[in-house]
Structures are given as C-alpha cells and as structure tokens.
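Proteins get letters first, then strands, A, B, ... in listed order; numbering begins at 1 in each.
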Number of protein chains: 2
Amino acid sequence: MARAATTTDAFNAVAEPRRREILDALAGGERSVTDLVEQLAVAQPVVSKHLRVLREVGLVQVRDEGRQRIYRLEPAPLREVYEWVKDYERLWTERFDLLDAVLEDLKAQQAEPDRHGSQPADAETTDKERES
Amino acid sequence: MARAATTTDAFNAVAEPRRREILDALAGGERSVTDLVEQLAVAQPVVSKHLRVLREVGLVQVRDEGRQRIYRLEPAPLREVYEWVKDYERLWTERFDLLDAVLEDLKAQQAEPDRHGSQPADAETTDKERES
DNA sequence: TTGACGTATGCCGATATCGGCATACGATGA
DNA sequence: TCATCGTATGCCGATATCGGCATACGTCAA
C-alpha cells in the first residue's frame with residue numbers, strides 16, 4: 001500500500017502547495033491555462049497536470065472557449081476540509097484562555113510570593129499572542 | 001522530485017485519514033498509544049508511525065508516564081489549514097446567490113429576447129477580493 | 001535477573017507523486 | 001492545406017508513503 005492518491009480527497013488534492021495557489025488564483029475569477037502559467041510562473045505541463053487532479057476531485061470545472069480551456073473554481077469539495085478543521089479552532093482559542101489563566105496565576109504568585117524554589121516550570125508557551 | 005513529505009505541513013500530515021482519526025481521538029483528551037490502538041482498531045506499529053509524523057509537524061506532544069507514552073493534541077499547526085480554507089466558505093455560500101442571479105437573468109432574457117449570437121465579450125470583469 | 005508489558009524502529013514491497021522534456025492533438029487563421 | 005497557438009498526455013527518474021512483520025528498547029514487577 002502506498003500513500004492515498006492525490007485524487008482521493010480534497011484533503012489530498014489540497015496538500016500540494018501549487019494546487020492551492022491555483023485555487024487561490026481561480027478564486028479571483030476564471031482563468032485559462034496560459035493565464036495560470038503566467039501567474040504561477042511554472043511550466044505549462046505542470047499546470048495542466050495539477051488542473052487534472054483538481055478536476056478529478058471536483059475542485060475546478062472546465063469550459064472550452066475556442067482553443068482555450070477556461071477553468072473555474074468549484075469550492076464545494078473544500079467544505080469537507082472546512083468542516084473538519086473548524087472544530088479545532090475552538091481549541092486554539094481555548095488555549096489562549098488557558099494561557100491567560102496561567103499568566104493570571106503567575107501574577108498572583110508574584111503578588112503573594114509563595115516560593116517553592118525548585119522547578120521554573122517550563123515557560124514553553126510564552127510567545128503566541130499576535131493575531132486574532 | 002516526489003510528493004512532499006508528510007511531515008512538511010499540517011496540510012500533508014492531515015491528508016491521511018488515519019491521522020485525522022488520531023487527532024479526533026486526541027481531541028477527546030490525552031491518550032496512550034494502546035488507547036489509540038484500541039480506539040482505532042489498527043496495528044500498534046501503524047499508530048506509532050502516524051504519531052511520529054504528527055509529532056514532527058507539531059500536532060501532538062508526548063509525555064512519558066511509566067512505561068506508557070501519553071499523547072496530547074496540539075492544535076496550533078491546524079491554524080494554517082483553517083486560515084486557508086476558511087475564505088472559501090464564503091464562496092460556497094455566495095454560489096447560491098450567484099445561481100439566483102443567473103436565474104434572474106434567464107428570466108429577463110425570456111421576457112425580452114435579445115439575441116446577439118456572437119461573443120459575449122469577455123466577462124472577465126472586475127474581481128478583486130476585498131476580504132476581511 | 002528474568003519476564004512481561006508498552007512503544008518505537010527497521011526492513012520490505014507495492015504504489016504514486018511531481019517536474020522535465022518531448023510530443024500529440026484540436027482549433028484557428030493564412 | 002499548412003503553420004501556429006493553447007493544452008493535454010506519455011515516459012522517465014528520484015523519492016516517499018503506508019502497512020505488515022519482526023524485533024529492539026525501556027520500565028516495572030516477581
């Protein structure tokens with residue numbers, strides 16, 4: 001057995017950064033293959049191959065227009081990914097609450113010095129404020 | 001060049017369904033390897049190997065407790081995934097609005113048949129993403 | 001010590017990926 | 001019809017995955 005095919009899932013399809021870039025580009029509107037080649041600055045066969053994968057998992061749709069093929073984003077399959085991760089958001093938010101609690105405790109300890117001298121109790125998670 | 005290592009990303013790590021199951025299990029609280037083996041009903045080496053990958057991308061943390069190793073969820077790296085996918089949620093919602101718009105147009109055309117047989121002249125239009 | 005338990009690791013085979021390059025193929029225009 | 005543009009596909013090599021099985025390693029209990 002080997003790794004699951006990239007065309008198995010939105011999960012697998014989207015694990016490839018270049019494919020994410022393509023989707024991001026397509027989020028700005030329909031694009032022809034050449035458009036994408038220019039925008040991503042990669043070889044044309046590479047783009048075509050990635051588009052094939054995306055097509056097979058239903059993340060893009062194609063339309064023929066003369067000798068060009070216009071690709072359009074089809075976000076639906078991403079829902080699966082979203083639904084899975086979204087529940088974890090709560091956790092990293094809670095984690096900050098937890099951190100706050102710890103900081104609160106530290107402050108309390110400083111105010112009311114209750115020494116137990118030994119362990120400096122790893123300050124492992126001290127820099128993660130930013131954002132949100 | 002081959003597919004990116006599974007330990008490259010949260011994206012890659014999480015593309016494997018079994019690994020998602022492990023994280024889901026861990027979301028319910030700390031678990032020993034044996035706990036996970038029972039819960040997932042897979043061979044122990046398999047679980048250990050997946051845990052290694054998860055550890056390497058920082059999605060879990062380990063703690064020794066006697067002869068057991070207790071694994072704990074570390075959701076932070078999932079943020080990257082969430083941040084990427086969350087913007088697409090809007091799209092599959094908007095899609096319905098878009099559909100409505102199209103239906104509206106169709107109705108209008110039926111009412112006032114305006115034929116022009118040729119090119120619909122690049123509907124490329126203006127798409128800028130103004131998020132946030 | 002010895003042995004059992006809990007886990008990690010090593011090796012294997014089958015399978016796919018991804019990019020590069022060449023090339024095939026369909027549509028268009030001279 | 002022929003050349004050209006826009007895309008897709010085929011083949012290749014290098015690399016990893018994932019599960020199975022055996023086994024090594026560390027901890028604890030007799």
Side-chain angles (χ1 to χ4, degrees), chain A residues 1-23 25-26 30-57 59-72, chain B residues 1-23 25-26 30-57 59-72 117-119 121-122 124:
Chain A
M1 207 167 283
R3 213 203 292 210
T6 53
T7 53
T8 304
D9 267 336
F11 280 104
N12 281 280
V14 149
E16 160 69 48
R18 215 92 68 166
R19 251 153 5 220
R20 262 174 276 144
E21 283 179 41
I22 291 181
L23 293 178
L26 257 28
E30 300 186 333
R31 297 276 189 278
S32 73
V33 177
T34 305
D35 288 346
L36 292 169
V37 168
E38 287 174 11
Q39 196 165 338
L40 303 196
V42 294
Q44 174 267 312
V46 171
V47 171
S48 281
K49 284 170 186 170
H50 282 312
L51 283 170
R52 194 191 205 319
V53 172
L54 292 173
R55 226 163 53 224
E56 288 188 28
V57 292
L59 276 166
V60 300
Q61 268 187 241
V62 220
R63 167 169 52 90
D64 278 41
E65 190 160 297
R67 44 187 160 188
Q68 300 190 254
R69 312 202 84 193
I70 311 297
Y71 282 82
R72 182 189 348 148
Chain B
M1 207 166 282
R3 212 202 294 208
T6 53
T7 53
T8 304
D9 266 335
F11 279 104
N12 281 280
V14 149
E16 161 68 48
R18 214 91 69 165
R19 251 152 7 219
R20 262 175 275 144
E21 284 179 40
I22 291 181
L23 293 178
L26 257 28
E30 300 185 334
R31 298 274 189 278
S32 73
V33 177
T34 305
D35 287 346
L36 292 170
V37 168
E38 285 174 13
Q39 195 165 338
L40 304 195
V42 293
Q44 174 267 312
V46 171
V47 171
S48 281
K49 284 169 185 170
H50 283 311
L51 284 170
R52 193 191 205 321
V53 172
L54 293 173
R55 226 162 55 222
E56 288 189 28
V57 291
L59 276 166
V60 301
Q61 268 188 241
V62 219
R63 168 169 53 91
D64 278 40
E65 189 161 298
R67 44 189 160 188
Q68 300 189 253
R69 312 202 84 193
I70 310 298
Y71 282 83
R72 182 190 348 150
S118 306
Q119 313 298 10
D122 288 33
E124 253 275 348

Report each atom pair, protein N/O against N/O of nucleotides 21-28 of chain D, whose distance is under 3.5 angstrom.
none

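- An OP1 or OP2 oxygen of dT9(C) is reached within less than 4.0 angstrom by a side-chain nitrogen or oxygen of R52(B).
- Distance CZ (R69(A)) to P (dC25(C)): 15 Å, rounded to an integer number of Å.
- Rounded to a whole Å, the NE2 atom of H50(B) is 15 Å from the C1' atom of dT9(C).
- Looking only at side-chain heavy atoms (C-beta outward), R19(B) and T6(B) come within less than 4.5 Å of each other.
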Are any protein N/O atoms closer than 3.5 Å to N/O atoms in nucleotides 14-17 of chain C? If there are, list each pair with its distance.
from: dT17(C); atom 1: OP1; to: T6(A); atom 2: OG1; distance (Å): 3.4

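- The separation between R31(B) atom CZ and dG6(C) atom P is 17 Å, rounded to whole Å.
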### Task
Could you go through the side-chain contact (heavy atoms from CB on, under 4.5 Å) check for L26(A) and L54(A) one step at a time?
CA-CA 12 Å; L26(A) 257 28; L54(A) 292 173; 5.7 Å; no
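- Under 4.0 angstrom from either OP1 or OP2 of dT7(C) there lies at least one side-chain N or O belonging to S32(B).
- R20(A) places a side-chain N or O within 3.5 Å of a backbone atom of A15(A) that can act as its donor or acceptor partner.
- With a 4.5 Å cut-off on side-chain heavy atoms, H50(B) and E21(B) do not count as touching.
- Regarding contacts with the backbone of dT7(C), a side-chain N or O of Q68(B) is found under 4.0 angstrom from either OP1 or OP2.
- Following rounding to the nearest Å, I70(A) (CD1) and dG6(D) (P) show an atom-to-atom distance of 11 Å.
- Side-chain contact between L51(A) and V62(A) is absent, with no heavy-atom pair separated by less than 4.5 Å.
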Result block: side-chain N/O donor-acceptor pairs under 3.5 angstrom for residues 36-48 of chain A, not counting sequence neighbours:
from: Q39(A); atom 1: OE1; to: R31(A); atom 2: NE; distance (Å): 3.3
from: Q44(A); atom 1: NE2; to: S48(A); atom 2: OG; distance (Å): 3.0

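- Note: R3(B) CZ to N12(A) CG = 6.0 Å, rounded to the nearest 0.5 Å.
- For dG6(C), the OP1/OP2 oxygens have no side-chain nitrogen or oxygen of Y71(B) closer than 4.0 Å.
- Distance, E30(B) CD to dG6(C) P: 18 Å, rounded to whole Å.
- We find that CG of L54(B) is positioned 16 Å from P of dT7(C), with the value rounded to whole Å.
- Proximity of V60(A) to L23(A): side-chain heavy atoms (C-beta onward) are separated by under 4.5 Å at one or more points.
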